[in-house]
Student: 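Provided herewith is a single structure, encoded as structure tokens, for subsequent inquiry.
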Amino acid sequence: MPKSIYGKRSTTSEPHPLPDNRSRLDTASGPPLTWGGFVALLLVITGGAVVLIALLVAYGARASFRAPRERPLTPLLATTGALVLTGAGIAALGLRLH
């Protein structure tokens, strides 16, 4: 005999319904999505994409150099750092708005 969620033994084989007569699909927590939340989520995704793209481009450019002393890496590192900081700032603004 299955136990109910209240600790007593149930007399039926069906599971006990959820409290407050909510359906199983209606268990999401948090406030509903608004336009402000949508914009904040969009900013977080955009900022993360900028950071990821900047790191991938820098890695690809660094790997394409034949010898490390032929061309200095300072412009590449400065550009990558600026793009990573910009992307992180965009994502932080999105988190702050949320």
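Values below: every heavy atom of this structure, side chains too, minus hydrogens, waters and symmetry copies.
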Student: Could you list the donor-acceptor pairs under 3.5 angstrom formed by side chains in residues 49-57, with sequence neighbours left out?
Tutor:
none

Student: Which atom names give the shortest non-hydrogen contact between L43 and I90, and what distance separates them?
Tutor: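 Minimum heavy-atom contact is O-CG2, 3.3 Å.
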Student: For the residue pair A58 and T80, what are the closest heavy atoms and their distance?
Tutor: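 For A58 versus T80, the nearest heavy atoms are CB-OG1, 3.0 Å.
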Student: With sequence neighbours left out, what residues match I45 under side-chain contact (heavy atoms from CB on, under 4.5 Å)?
Tutor: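 L41.
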Student: Considering non-hydrogen atoms only, spot the tightest contact between A40 and G94 and give its length.
Tutor: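 Shortest heavy-atom contact: CB-O, 3.3 Å.
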Student: State the OG1-CG distance between T46 and L93, to the nearest 0.5 angstrom.
Tutor: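 The distance works out to 11.0 Å.
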